[in-house]
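Proteins come first, then strands; the chains are lettered A, B, ... in the order of their sequence lines, and each starts at number 1.
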Amino acid sequence: MPLPRIAQILLEGQPGTAIEVAGWVRTRRDNKGGFSFIELNDGSCMSNLQIVVDSSVPGYTETIKLVTTGASIRVAGELKASPGAKQRVELHAQTLTLLGPADALKYPLQKKGHSWEFLREIAHLRPRTNTFGAIARVRNTVCYSIHRFFQERGFLYVHTPIITTSDCEGAGEMFQVTTLDLDKVAAGKGPLQKSDNPAAAPAIDYTQDFFGKKASLTVSGQLEGETFATAVGPVYTFGPTFRAENSNTTRHLAEFWMIEPEMPFYELTDNMQLAEDFIKTIVRDVLRDRTEDMEFFNERIDKTILATLKNILDHDFKRVSYTEAVEILTKCGQTWEYPVEWGINLQAEHERYLTEKHFGQPIIVYDYPRTLKPFYMKCNADGKTVRAMDVLVPGVGEIIGGSQREEDLDTLLARMQECHLNPEDYWWYVDLRRYGTVPHAGFGLGLERVLLLLTGMQNIRDVIPYPRFPGSADF
RNA sequence: UCCCUGGUAGCUCAAUGGUAGAGCGAGCGGCUGUUAACCGCUAGGUUCUAGGUUCGAAUCCUAGCCGGGGAGCCA
């Protein structure tokens, strides 16, 4: 029979009942008068279960010395009301079994605070800390909330490919996928293209590669998502995404998780409303289902986080056109490192000013200059802008990027030419506009960025179990 | 990729050219229905690496490696 979890015991365990638990020791405090307190954690919640072990427990003297921080134990006994102030119940042990010791001289996690940098070096042990346990639980709750949000609205969860041969999506540098032996290629023994010109630089013959052409890890499932959205109705993807950008920031990862809904018959305003409802639902669910963890974040990580999240729930996201945003930025009297004028990309300092100072809440900036945005976004009648939207939140910045898609065949082809793309490479995507085209829209949400928003953590490398970034893919 | 900054005990840091220290953690002892427990004692170091300057280098110089922050790219 599975053991009860500590979260459940702390919540509803009745004094007088016999229970058995197992977990990892956080601390032990001895009373030389003949008993010890053990703080036991099994990851089911932030709080520990206090175990009281007195010297009459079989093997007490030999075992208790090995019950150190990090050790795993199993305890059977009777649950009792606790006279201490910090817990409702405690477990009085009748048997104590050491499952696995943890040498106190070597175990890296101490009974004290550790720096984030140090914990990143022991990423395999950091889920045993309060903070990373809480992040794991909140992350799980967010994922559950995301599926529930879309499922309740009739969206289908579709699995778009991880490996792609469309070298197109324009969302960033891609990781190449190959089974070619690079050592052989380097030695001049790889499959090279035949060339009549002996002076030409050697080029790889990808017809010899596994997929018969150059392949990469996906940077977005959007284009494939659109093919299903225009067949089975609203869909969403939720999977890993890869960007080979040389980004060294607290907001970027080389491997991250992205959610991309795509909806037929949605225009940009519908898209914005869905994005707003989506974020608010996640915030609401986490505040409701992970109350204890969220209080921890508010106390130890960011003292404003609960107020920030409640503020998000209490206000409509402000809609601001790019043109209005530029006006606000040029008229506010602020001096910028990057001067503002219509047509520039909004810089981090501009986005921060808008969402943190000027509005003090999440905003949705829409209708960007089309020169700044990819080919698939719908062109506005003004000839200058496209129906793009970015959701910006205080503290994190861009959390969602999306758009209404261009559904008109000729306009799309013209935009592809403008962006120096070959429509033949996108023949299946262009087909969606040839056969039964419809207005549609969608967006992408970065899971880890939502976690930054929710937890108040400062570095995206700390809200994913094993971060991948330039120069680092350990564990 | 660019700019800034750092690398000293298990961890967090001090020592700015002259005998490498503290707090926490750990070990031992004491005390206590304790709960970031408390008090005392003890152990613990190739000062990131390689060169150089100097009577003498953690400290100054050169190169490299690694960490952190900011910017760009974006989610």
Is the phosphate of B:G72 approached by A:Q347 (side-chain N or O, under 4.0 Å from OP1 or OP2)? yes
Report yes if at least one side-chain N or O of A:S115 is closer than 4.0 Å to OP1 or OP2 of B:G68; otherwise report no. no
Quick one: is the NZ or CZ of A:K318 closer than 6.0 Å to the six-membered ring centre of A:F359, and within 45° of its axis? no
Once you round it to whole Å, what is the distance between P of B:C11 and NZ of A:K106? 15 Å
Within this structure, what is the CH2-to-C1' distance between A:W257 and B:C74, rounded to whole angstrom? 19 Å
Ion pair check, A:E267 and A:K378, cut-off under 4.0 Å: no
N or O in side chain of A:N459 less than 4.0 angstrom from B:G69 OP1/OP2: yes
Can you give each donor-acceptor pair under 3.5 Å made by side-chain atoms of residues 466-475 of chain A, sequence neighbours left out, with the distance rounded to 0.1 Å?
| unit_1 | atom_1 | unit_2 | atom_2 | d |
| --- | --- | --- | --- | --- |
| A:R468 | NH1 | A:D474 | O | 2.8 |
| A:R468 | NH2 | A:F475 | O | 2.8 |

Could you check whether A:E90 and A:S82, counting side-chain N and O atoms only, form a donor-acceptor pair closer than 3.5 Å? yes
Check RNA chain B for consecutive Watson-Crick or G-U pairs with both distances under 3.5 Å and list the runs of at least three as stems. B:1-7 with B:65-71, B:10-13 with B:21-24, B:26-30 with B:38-42, B:48-52 with B:60-64
A:E337 atom CD is separated from B:G72 atom P, nearest whole Å, by 8 Å
Does the Lys NZ or Arg CZ of A:R148 fall within the cation-pi geometry relative to A:Y144 - under 6.0 Å from the ring centre and within 45° of the axis? yes
Students often get this wrong, so: under 4.0 angstrom with heavy atoms, is A:N345 touching a base, only sugar-phosphate, or nothing? sugar-phosphate
note: A:Y368, atom OH; B:A75, atom P; distance rounded to Å ~ 11 Å
Going 5' to 3' through nucleotides 26-36 of chain B, assign each nucleotide B (protein heavy atom under 4.0 Å from a base atom), S (under 4.0 Å only from sugar-phosphate atoms) or - (no protein heavy atom that close). SS---BBBBBS
In whole angstrom, give the distance that lies between atom CG of A:N248 and atom P of B:G6. 19 Å
Rounding to a whole Å, what distance do you find between A:F443:CZ and B:A75:P? 13 Å
What nucleic acid atoms does A:Y338 come within less than 4.0 Å of, heavy atoms only: base, sugar-phosphate, or nothing? sugar-phosphate
Please report, rounded to the nearest Å, how far the P atom of B:G10 is from the NE2 atom of A:H114. 14 Å
May I have the distance from A:I122 (atom CD1) to B:C11 (atom C1'), rounded to whole angstrom? 10 Å
